[in-house]
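Reading through the structure tokens given below for one structure.
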There are 2 protein chains.
Amino acid sequence: MEKIEDCFCFLLGKTFHKVSQKGKERLSNFGITPVQFTILHLLWEKEGQKSIDIAKRLHLDGSTITPILDRLVQNGLIERRHDPKDRRINLIYLTEKGKELETPLNNTMDEVNHSVIEGFDEEEIKVFKKMLTKLGLNQEN
Amino acid sequence: MEKIEDCFCFLLGKTFHKVSQKGKERLSNFGITPVQFTILHLLWEKEGQKSIDIAKRLHLDGSTITPILDRLVQNGLIERRHDPKDRRINLIYLTEKGKELETPLNNTMDEVNHSVIEGFDEEEIKVFKKMLTKLGLNQEN
DNA sequence: CACAAATTATTGGTGCACCAATAATTTGTG
DNA sequence: CACAAATTATTGGTGCACCAATAATTTGTG
């Protein structure tokens with residue numbers, strides 16, 4: 001590998017980073033971050049999830065989730081409730097404010113997603129997604 | 001967007017993350033991280049670079065570079081030298097230890113790169129890289 | 001030439017991400 | 001049933017990444 005720019009891993013990282021910055025920018029108007037959006041998205045789908053299940057679904061370490069949930073609680077978007085049946089578990093629920101953000105945040109992220117893949121046609125996106133998925137699976141172990 | 005997994009940004013992030021973990025794992029045997037490798041790589045190409053030029057080349061914020069260079073100095077791989085012509089500037093040089101790592105580290109990362117794209121043929125990689133580059137350029141404002 | 005503007009590197013603050021260890025609790029096996 | 005093993009969430013430590021502000025120095029313009 002002559003130049004670092006020719007390194008596939010480097011290229012992938014830089015592309016991801018640029019895309020991610022775009023999401024950050026738009027979401028910052030709502031005072032949240034991309035990863036916080038993904039958590040809210042799971043909760044709009046189904047409330048009362050365990051933090052460990054959220055972590056697994058998002059492929060994040062359990063210890064990564066804790067401070068992110070803290071910030072969502074602090075911003076009044078979610079709340080932790082003890083599971084009455086198992087005292088180890090915190091179930092995560094949306095607040096009213098968290099529920100209200102569903103439509104505006106989804107609209108915003110739809111826009112971001114569109115602008116990100118602007119200039120690609122349907123078929124290209126499909127191939128691209130397939131490649132990303134295949135590449136990801138390649139790394140499992 | 002029904003499920004978060006269908007979000008293109010999310011998929012890209014997760015794929016990058018998995019790939020990046022593979023690099024981390026292998027490089028940890030040398031006590032360095034992927035971003036530290038990229039900096040060393042630039043220095044093997046040309047010593048005595050300004051930190052701001054390293055940052056630009058790697059698309060990193062200047063303030064991100066400082067602590068990474070600190071750690072490389074601490075691990076005895078590089079050293080900062082004052083530019084005699086401009087006292088604002090620190091020029092970054094490799095130590096002997098930093099130079100010695102060129103071959104083993106490059107070999108290691110070549111292996112990682114190969115294992116990452118295993119199962120893809122030449123043509124697919126070319127298309128993939130082109131798409132990543134195009135997508136990246138798409139984000140530049 | 002003086003002094004505002006630009007450049008360079010750093011500091012301080014925030015927010016992910018990991019791993020290893022811990023505490024509280026529940027599960028499951030002898 | 002007792003108690004080791006498993007589960008859940010958290011804490012503490014490390015390492016990127018950003019932005020805004022700062023300090024030191026150099027450049028460039030009136």
Side-chain angles (χ1 to χ4, degrees), chain A residues 9-10 13-14 16-28 30-39 48-75 78-92, chain B residues 9-10 13-14 16-28 30-39 48-75 78-92:
Chain A
C9 299
F10 180 81
K14 286 307 145 188
F16 162 64
H17 191 254
K18 282 185 199 165
V19 166
S20 157
Q21 280 304 106
K22 213 156 203 173
K24 256 182 217 165
E25 238 174 80
R26 293 296 307 276
L27 289 174
S28 71
F30 297 91
I32 71 161
T33 64
V35 72
Q36 289 173 19
F37 171 79
T38 62
I39 292 176
Q49 300 198 50
K50 298 191 286 185
S51 77
I52 202 177
D53 288 339
I54 294 174
K56 267 182 200 150
R57 178 99 180 262
L58 300 178
H59 305 104
L60 292 173
D61 193 272
S63 62
T64 301
I65 290 287
T66 302
I68 303 174
L69 293 178
D70 286 345
R71 282 182 282 272
L72 284 168
V73 169
Q74 211 167 353
N75 288 329
I78 63 166
E79 53 184 41
R80 290 177 168 98
R81 295 189 205 151
H82 285 297
D83 184 334
K85 291 188 207 122
D86 186 338
R87 295 198 293 162
R88 291 169 303 181
I89 297 175
N90 275 334
L91 297 173
I92 314 297
Chain B
C9 298
F10 180 82
K14 286 307 145 190
F16 163 64
H17 191 252
K18 281 185 198 164
V19 165
S20 157
Q21 281 302 106
K22 214 157 202 173
K24 256 182 217 164
E25 238 175 80
R26 294 297 306 276
L27 289 174
S28 70
F30 298 91
I32 71 162
T33 64
V35 71
Q36 288 173 19
F37 170 78
T38 61
I39 292 176
Q49 299 198 52
K50 297 190 287 184
S51 79
I52 201 177
D53 287 341
I54 295 173
K56 267 182 200 150
R57 177 99 179 262
L58 300 177
H59 304 105
L60 291 173
D61 192 271
S63 62
T64 302
I65 290 287
T66 303
I68 303 175
L69 294 178
D70 287 346
R71 283 183 282 273
L72 285 169
V73 169
Q74 211 168 354
N75 288 330
I78 63 167
E79 53 184 40
R80 289 177 169 99
R81 295 188 207 152
H82 284 297
D83 184 336
K85 290 187 208 123
D86 186 338
R87 296 197 294 164
R88 289 170 304 184
I89 298 174
N90 274 335
L91 296 173
I92 314 296

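What's counted below: heavy atoms across the whole structure, side chains too, no hydrogens, waters or symmetry copies. Throughout, a chain's letter reflects where its sequence line sits, starting with A, and its residues are numbered from 1.
Across the protein-nucleic acid pair, Ile65(B) atom CD1 and dA17(D) atom P stand 9 Å apart, rounded to whole Å. Separating the CZ atom of Arg71(A) from the P atom of dT10(D) is a distance of 13 Å, rounded to the nearest angstrom. Atom-to-atom, NE2 of His17(B) to C1' of dC16(D) comes out at 11 Å; the value is rounded to the nearest Å. As a whole-Å value, the separation of Gln21(B) CD from dC19(C) C1' is 10 Å. Rounded to whole Å, atom P of dC16(C) lies 12 Å from atom CD of Gln74(A). Rounded to whole Å, atom P of dA9(D) lies 6 Å from atom NZ of Lys50(A). Rounded to an integer number of Å, the gap from Ile54(A) CD1 to dA9(D) P is 9 Å. Rounded to whole Å, the distance from CZ on Phe37(A) to C1' on dG15(C) is 18 Å.
For the pair Ile39(B) and Ile65(B), the minimum side-chain heavy-atom distance is below 4.5 Å. Side-chain atoms of Glu79(A) and Val73(A), non-hydrogen and from C-beta on, never get closer than 4.5 Å to each other. Inter-residue side-chain proximity for Gln36(A) and Arg71(A) is flagged as met; some heavy-atom pair is nearer than 4.5 Å. With contacts defined as side-chain heavy-atom distances shorter than 4.5 Å, the pair Thr64(A)/Leu58(A) does not qualify. Within the 4.5 Å cutoff, no side-chain heavy atoms of Glu25(B) are placed close to those of Lys22(B). Two residues are said to be in side-chain contact when any heavy atoms from C-beta on lie closer than 4.5 Å; Leu69(A) and Asn90(A) fail this criterion.
If you check every strand for non-hydrogen atoms under 4.0 Å, Ile68(B) touches sugar and phosphate atoms only. Across all strands shown, His82(B) has no heavy atoms under 4.0 Å from either base or sugar-phosphate atoms. Within 4.0 Å (heavy atoms only), Asp61(A) reaches at least one base atom of the nucleic acid. Using a 4.0 Å heavy-atom distance criterion, Thr66(A) is classed as a base contact. Nucleic acid contact class of Gln36(A) (heavy atoms, under 4.0 Å, all strands): sugar-phosphate only. Residue Thr64(A) is in base contact, counting any heavy-atom pair closer than 4.0 Å across all strands shown. Residue-level contact check: Leu60(A) touches the backbone only, with heavy atoms under 4.0 Å from sugar-phosphate atoms and none from bases. Residue Lys24(A) is out of contact with every strand shown, counting any heavy-atom pair closer than 4.0 Å.
When each of Lys14(A) and Lys56(A) is assigned the nucleotide of DNA chain D bearing its nearest heavy atom, the one mapping closer to the 5' terminus is Lys56(A). Heavy-atom nearest nucleotides on DNA chain D were determined for Val35(B) and for Asn90(A), and the one closer to the 5' end corresponds to Asn90(A). Sequence order on DNA chain C of the closest nucleotides to Asp86(A) and Phe16(A) puts Phe16(A) first from the 5' end.
In this structure dA23(D) sits in a base pair with dT8(C), meeting the Watson-Crick or G-U test at under 3.5 Å. dT29(D): Watson-Crick or G-U partner is dA2(C), with both key distances under 3.5 Å. Base-pair partner of dC18(C): dG13(D) (Watson-Crick or G-U wobble, both distances under 3.5 Å).
Between Arg87(A) and dA9(D) there is no side-chain polar atom (N or O) within less than 4.0 angstrom of OP1 or OP2. Listed pair Arg80(B) / dT10(C) meets the phosphate criterion, a side-chain N or O lying under 4.0 Å from OP1 or OP2. In terms of phosphate contacts, Ser63(B) brings no side-chain nitrogen or oxygen within less than 4.0 Å of OP1 or OP2 of dT10(C). Under 4.0 angstrom from either OP1 or OP2 of dA9(C) there lies at least one side-chain N or O belonging to Ser51(B).
In summary, the side chains of Gln21(B) and Lys24(B) do present a donor paired with an acceptor at a separation below 3.5 Å, with no hydrogens or angles considered.
A donor N or O paired with an acceptor N or O is found under 3.5 Å between the base of dT7(C) and the side-chain atoms of Arg88(B).
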